[in-house]
Amino acid sequence: MSDEVMNLDDAAHEAFPLVAIVIINHNYSEFVGQAIESALAQTYPRTEIYVIDDGSTDNSVEVISSYDEQVHVCVQQNQGVVKTRNKAISLAKDADYLVQLDADDYLDEHFVENMISCALKESADLVYCQVHYFGRVEFDSKYPEYNLEKLKHENYMGAYSLLRMAFIIEHDLEYDEYLGCLGYEDWDFALGACLSGAVAARVDESLYFYRKHTGTASRNDAQENDLSKILLVRHHIWQKYNHIYPSEFCYFSAEIDILYEMISQLEAYEVDKGKYAEVRGQLEQMQNSKRWRYSSRVLDWMHKFRSIFRRKN
């Protein structure tokens, strides 16, 4: 598709779906230029690029403004990532597809071209791809082919996924603001879209470059290492969709109750720091195991968590 796209004249470009690339930045002046350059370098011929600065206190706005003849610039007071992702959806309302790019990451030059090609071929509403992680660690993801049951248990569709705007608007989808301080809003959004009937497809290439910061914990790293937040996220997401889609989540009911019990116990142990530290150590040992982090059979662990609490009472 590359050579064919590159040689199209302006009139032929109009036949291609319009893709909005929305770059979300907060205090990443060091990296936002690379993100913008990667969006500008796309081989796909029909894109609009927006940059939202979410209340940066460094010189991000200065860097972003140097591209104001090539991109649409939106500067706002700090709203947090979830509200800013919803802002991205509103900016893209006239586009055919939306891609979100975090300002410390960047895109392969064929990202949009290959993702759109897959979307059109598969009639997909949501397209995700493999990710190349770099920085503190370096590896390529091995995300599975789409499977709704697996998605109920773990996230493998990032916020970078290509979204068909007509589907998003038709189903009134947005990011859940409750998750603003907890994270995993991308998992919740993808799961909600797929439960709403979205056709999802995977491009089995590493087209998104995700920076793992050296010497500091990223927002995602902090999420993965905070047991209380993991429990709250899973309880919130499962309970919400159990209410909306009871036939899809009927067998989650017992596990939702277990999660609620675990959260209550953790909150109670906050009062007694000695007991809290003791039980938290056991819980985090399980959390850091490979099976917890990567297995789709996470429900098995919930029963083990409950047995720990019972022994403590």
Check your understanding: Are the side chain of W187 and the backbone N or O of L151 linked by a donor-acceptor pair below 3.5 Å?
Key -> yes
Exercise for review: Determine yes or no for a side-chain-to-main-chain donor-acceptor pair under 3.5 angstrom, with N59 supplying the side chain and E62 the backbone.
Suggested key: no
**Study point:** Where L173 and S196 come nearest, the two heavy atoms and their spacing
**Key:** CD2-OG, 4.0 Å
**Study point:** CA sep, side-chain torsions, deciding dist, call: R234, Y184, side-chain contact (heavy atoms from CB on, under 4.5 Å)
**Key:** CA-CA 9 Å; R234 289 189 179 275; Y184 295 95; over 6 Å; no
Practice item. Indicate yes or no for a side-chain donor-acceptor contact from Y106 to the backbone of R211 under 3.5 Å, with no hydrogens or angles considered. Key: no
Review point. For the residue pair M157 and A200, what are the closest heavy atoms and their distance?
Key: CE-CB, 3.9 Å
Exercise for review: Go through the steps for T43 and E113 under the test side chain to side chain donor-acceptor pair (under 3.5 Å), then give the verdict.
Suggested key: CA-CA 6 Å; T43 56; E113 179 183 342; 2.3 Å; yes
Review point. Mind checking whether F16 and Y44 have parallel, tilted or perpendicular rings, split at 30° and 60°?
Key: perpendicular
Point to revise | Pairwise side-chain contact, L126 with F167, heavy-atom cut-off 4.5 Å (strictly under) | key: no
**Study point:** Pairing residues for E138 by the side-chain contact (heavy atoms from CB on, under 4.5 Å) criterion, not counting sequence neighbours
**Key:** H132, F134
Check your understanding: Would you call C129 and D108 a side-chain contact if the rule is heavy atoms closer than 4.5 Å?
Key -> no
**Study point:** Geometric cation-pi criterion, R202 with Y143: 6.0 Å, 45°
**Key:** no
**Study point:** No-hydrogen, no-angle side-chain donor-acceptor test under 3.5 Å, D176 and H236
**Key:** yes
Check your understanding: Would a distance-only check, ignoring hydrogens and angles, find a side-chain to backbone donor-acceptor pair under 3.5 Å from D58 to S60?
Key -> yes
Exercise for review: Using the side chain to side chain contact (heavy atoms under 4.5 Å, CB included) rule, pick out the option among V19, V99, V71, V22 that qualifies with I49.
Suggested key: V71
Practice item. Check whether any side-chain N or O of Q42 sits under 3.5 Å from a backbone N or O of V112 as a donor-acceptor pair, and report yes or no. Key: yes
Review point. Where do S141 and Q130 come nearest, in terms of heavy atoms and distance?
Key: OG-OE1, 2.7 Å
Practice item. Go through the steps to decide whether L101 and S38 satisfy the test side-chain contact (heavy atoms from CB on, under 4.5 Å), and finish with yes or no. Key: CA-CA 10 Å; L101 170 60; S38 76; 3.9 Å; yes
**Study point:** Minimum side-chain heavy-atom gap Y67-E37 below 4.5 Å
**Key:** yes
Point to revise | Close side-chain approach of E177 and N86, heavy atoms under 4.5 Å | key: yes
**Study point:** Nearest heavy-atom neighbours spanning D125 and A198
**Key:** OD2-CA, 3.5 Å
Practice item. Anything under 30° is parallel, anything over 60° is perpendicular, the rest tilted; go ahead and classify F111 against Y160. Key: perpendicular
**Study point:** Ring centers of F31, H213 separated by less than 6.0 Å
**Key:** yes
Practice item. Indicate the atoms forming the closest heavy-atom contact of I169 with K93, along with that distance. Key: CD1-O, 3.8 Å
Review point. Between F249 and L195, does a side-chain contact (heavy atoms from CB on, under 4.5 Å) hold up when you go through it step by step?
Key: CA-CA 11 Å; F249 281 82; L195 288 167; 3.7 Å; yes
Practice item. Under the side-chain contact (heavy atoms from CB on, under 4.5 Å) rule, what do D54 and Q76 come out as? Steps first, then yes or no, please. Key: CA-CA 5 Å; D54 185 35; Q76 64 184 28; 2.9 Å; yes
Review point. So do T84 and H26 actually touch side chain to side chain, heavy atoms under 4.5 Å?
Key: no
Review point. Between N25 and D53, is there a donor-acceptor pair closer than 3.5 Å when you use the side chain of the first and the backbone of the second?
Key: no
Practice item. Look at the side chain of Y128 and the backbone N and O of Y146, then say whether any donor-acceptor pair between them is shorter than 3.5 Å. Key: yes
Review point. Between S90 and K87, is there a donor-acceptor pair closer than 3.5 Å when you use the side chain of the first and the backbone of the second?
Key: yes
Check your understanding: L179 versus L182: any side-chain heavy-atom pair under 4.5 Å?
Key -> yes
Check your understanding: Does a side-chain heavy-atom distance below 4.5 Å link Y175 with I89?
Key -> yes
Check your understanding: Of all heavy-atom pairs between F189 and I168, which one has the smallest distance, and what is that distance?
Key -> CZ-CD1, 3.8 Å
Exercise for review: Check whether the side chains of Y208 and D105 place a donor and an acceptor atom closer than 3.5 Å, and report yes or no.
Suggested key: yes
Review point. Quick one: does R85's side chain get under 4.5 Å of Q79's, heavy atoms only?
Key: no
